[in-house]
Amino acid sequence: MTLDLVLRDLRLPEAPERVVDIAIRAGRIAEIAPNIAAEAPSESFGGRLALPGFVESHVHLDKSCLLDRVSGAPDLPSAIAAVSAAKPSWTEEDVYARGARTLEKCIAHGTTRMRTHVEADPRIGLRGFRAVQALKRDYAWAIDLQICVFPQEGLTNDPGTDPLLVEACEAGAEVIGGCPYTDVDPHAQIARIFDLAQRFDLDVDFHLDFHLDPARMDLGEICRVTEARRWGGRVAVGHVSALSALPPSEALAWARRMADVGVALTVLPSTDLFLMGREHDRLIPRGVAPAHAFHAQGCRCSLATNNVLNPFTPFGDGSLLRMANLYANAAQLGSAEAFRACLSMVTDQPAALMNLSDYGLAPGLAADVVILDAPSPEAAVAELSPPLAVYRAGRRTLTRALPTLHRP
């Protein structure tokens, strides 16, 4: 068997007790086995952990890196208003430059697949969408970028937004998104977004219930429409912070409902912690939905970045491993099993949520491999282990040197 490259002495998340080699041919995984005999070039990694790449299921490239012009906001409505006021001045070149800065951070932290939400409305038009399309093209050597176009500031209450969403779908958006809590008629927006999803055969991804009042949740309507339209397995909801305000028995009932109808949950730990509970001056609620409990009930769950260096989240470095670690802290998780679940929610779970068909470490799949400076999944999450090497279709796209201690 002629091979292009062999990556040696690696551990896989599902069986870290074994050391294996990964053989690559024509950009795909040819074989995974111990001690593969081959004349091909090889690199040895000393028993470190290999992943098929981190999967970012919810980020906003178009409005990242804004802190030099828009300061942090005291609450969610203020953050939306601050960015809304800034959007008319954004050019395609500006969105591209800021998005590239964030995208390169994500790539440097081992992200190989991404879904980015992009706003379309009369203030920004499709300038942001076109800029992110250019990023998708220009960074295809390192990452698969999936574009979700959505109305951040409402749909039924924002004339001119609907035709822009249609135009973006016609121009190649892969996902249609929504934000019902900013709409005067949330259920009408939900119905219209599903109309567009069915018209263009797109997956759906909603920002949803980003508050702490279970009495005004729209999650039930999302589940109802998903079931009625037979769109199960193609719908995700992000934030859903209201779930964190429910008794555990009620939250788990929602987990089973979502699993049954095929609605996935994405939790954005950094933004949710930053913006929720600001009306409290003590014993501040975390506002982070219990993704690990939903995952245990069979609901697809992911942890994601959301915003980077803007009024919604005035920090961030693009590391999904940091999101997994932050979530484990917020959810007070500490077992090896829980750490493995957290790692799953930034790798295979978001890959399933995004319906990625060519993801994983198995023969025949794309040779996208990220190697962490860790011996196991739990160590990677607990210690925030950095990626030492990243391969995209068998080509090395990142090298990070190990630190050197200069002892006296």
Side-chain angles (χ1 to χ4, degrees), residues 55-60 62 113-121 124 126 128-130 132-133 136 144-210 217-240 257-266 299-302 304 306 349-357:
V55 180
E56 174 63 77
S57 60
H58 187 129
V59 71
H60 295 262
D62 59 334
R113 315 290 179 101
M114 173 182 286
R115 174 181 290 179
T116 181
H117 293 255
V118 177
E119 297 179 20
D121 58 44
I124 183 64
L126 293 184
F129 175 75
R130 287 191 290 266
V132 176
Q133 280 190 310
K136 175 184 174 73
D144 274 341
L145 191 58
Q146 192 181 83
I147 301 175
C148 174
V149 65
F150 86 113
Q152 169 70 83
E153 300 177 46
L155 180 57
T156 69
N157 55 304
D158 200 8
T161 297
D162 195 297
L164 288 168
L165 294 178
V166 172
E167 187 177 347
C169 291
E170 291 173 340
E174 292 100 336
V175 184
I176 182 73
C179 195
Y181 57 78
T182 63
D183 206 301
V184 296
D185 191 341
H187 288 195
Q189 183 187 126
I190 291 168
R192 177 56 179 156
I193 294 302
F194 272 96
D195 287 343
L196 292 173
Q198 292 186 298
R199 173 179 168 183
F200 292 100
D201 191 25
L202 302 177
D203 288 0
V204 180
D205 199 332
F206 285 96
H207 295 65
L208 197 72
D209 297 336
F210 194 17
M217 289 172 62
D218 291 314
L219 180 57
E221 180 67 3
I222 295 288
C223 291
R224 185 192 70 78
V225 177
T226 298
E227 187 173 37
R229 306 237 188 164
R230 298 182 180 180
W231 223 245
R234 304 189 66 179
V235 179
V237 291
H239 297 295
V240 204
R257 172 69 170 151
M258 292 169 68
D260 288 344
V261 301
V263 173
L265 172 66
T266 298
C299 177
R300 286 180 180 171
C301 294
S302 69
N306 195 40
Q349 282 284 299
L353 180 155
M354 291 169 57
N355 291 305
L356 302 180
S357 60

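Because the structure is a prediction, the values reported are computed rather than measured. These values consider heavy atoms only, across backbone and side chains, with no hydrogens, waters or symmetry-generated copies.
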(message) With side chain to side chain contact (heavy atoms under 4.5 Å, CB included) as the criterion, how do Asp203 and Arg115 come out once you've worked through the C-alpha distance, each side chain's angles and the decisive distance to 0.1 Å?
(response) CA-CA 11 Å; Asp203 288 0; Arg115 174 181 290 179; 4.1 Å; yes
(request) Could you tell me the separation between the SG atom of Cys299 and the CZ atom of Arg257, rounded to the nearest 0.5 Å? (result) 12.0 Å
(message) Do Pro151 and Asp121 have side chains that approach each other closer than 4.5 Å (heavy atoms only, starting at C-beta)?
(response) no
(request) Look up atom NE2 in His117 and atom CG in Asn306, then write down how far apart they are to the nearest 0.5 Å. (result) 8.0 Å
(message) A side-chain contact here means heavy atoms from C-beta on lying under 4.5 Å apart; do Leu165 and Leu155 qualify?
(response) yes
(message) Ignoring hydrogens, what is the shortest heavy-atom contact between Phe194 and Ile222? Give both atom names and the distance.
(response) CZ-O, 4.4 Å
(request) Kindly give the heavy-atom pair with the smallest separation between Gln349 and Arg300, and that separation in Å. (result) OE1-CA, 3.3 Å
Check residues 168-181 and write down every donor-acceptor pair under 3.5 Å in which the side-chain atom is one partner and the other belongs to a residue at least two apart or another chain.
from   : atom 1 : to     : atom 2 : distance (Å)
Glu174 : OE1    : Ile147 : N      : 2.8
Glu174 : OE2    : Lys136 : NZ     : 2.8

(request) Run through Arg230, Arg224, Glu227 and flag the one making a side-chain contact (heavy atoms from CB on, under 4.5 Å) with Val261. (result) Glu227
(request) Could you check if a side-chain atom of Arg192 sits within less than 4.5 angstrom of a side-chain atom of Thr156, using non-hydrogen atoms only? (result) no
(message) Nearest 0.5 angstrom please: Asp162 CG to Gln189 CD, how far?
(response) 10.0 Å
(message) Whether the side chain of Trp231 engages the backbone of Val225 through a donor-acceptor N/O pair (distance < 3.5 Å, no angle test) should be reported.
(response) no
(message) Is the shortest side-chain heavy-atom distance between Val237 and Val263 below 4.5 Å?
(response) yes
(message) His207 vs Thr182, test: side chain to side chain contact (heavy atoms under 4.5 Å, CB included). Steps then yes/no.
(response) CA-CA 10 Å; His207 295 65; Thr182 63; over 6 Å; no
(request) Begin with the C-alpha distance, continue with both residues' side-chain angles, and end with the deciding distance and a verdict on side chain to side chain contact (heavy atoms under 4.5 Å, CB included) for Arg234 and Asp201. (result) CA-CA 10 Å; Arg234 304 189 66 179; Asp201 191 25; 2.7 Å; yes
(request) Mind checking the CZ-CD spacing from Arg229 to Gln198? Nearest 0.5 Å is all I need. (result) 5.0 Å
(message) Looking at every non-hydrogen atom in both residues, tell me the closest pair between Val55 and Ala351 and how far apart they are.
(response) CG1-N, 3.9 Å
(request) Could you tell me which non-hydrogen atom of Ala197 sits nearest to which non-hydrogen atom of Val204, and how far apart they are? (result) CB-CG2, 3.4 Å
(request) Considering non-hydrogen atoms only, spot the tightest contact between Asn355 and Gly233 and give its length. (result) ND2-O, 3.1 Å
(request) Determine whether Phe200 and Val166 make a side-chain contact, defined as any pair of heavy atoms from C-beta on separated by less than 4.5 Å. (result) yes
(message) Working note: Leu219 + Met258, criterion side chain to side chain contact (heavy atoms under 4.5 Å, CB included); need CA distance, chi angles, decisive distance, verdict.
(response) CA-CA 9 Å; Leu219 180 57; Met258 292 169 68; 3.9 Å; yes
(message) To the closest 0.5 Å, what do you measure between CG (Asp62) and CD (Gln152)?
(response) 9.0 Å
(request) Quick one: list whatever passes side-chain contact (heavy atoms from CB on, under 4.5 Å) with Glu167, sequence neighbours left out. (result) Leu126, Leu164
(request) Indicate yes or no for a side-chain donor-acceptor contact from Asp158 to the backbone of Thr161 under 3.5 Å, with no hydrogens or angles considered. (result) no
(message) As an exercise, state the distance from CD of Glu153 to CG of Asp183, rounded to the nearest 0.5 Å.
(response) 11.5 Å
(request) Would you check if there is a donor-acceptor pair between the side chains of His239 and Asp209 at a distance under 3.5 Å? (result) no
(message) Looking at every heavy atom in both Gly154 and Asn157, which two are closest together, and how far apart are they?
(response) CA-OD1, 3.4 Å
(message) Is the shortest side-chain heavy-atom distance between Phe150 and Asp205 below 4.5 Å?
(response) no
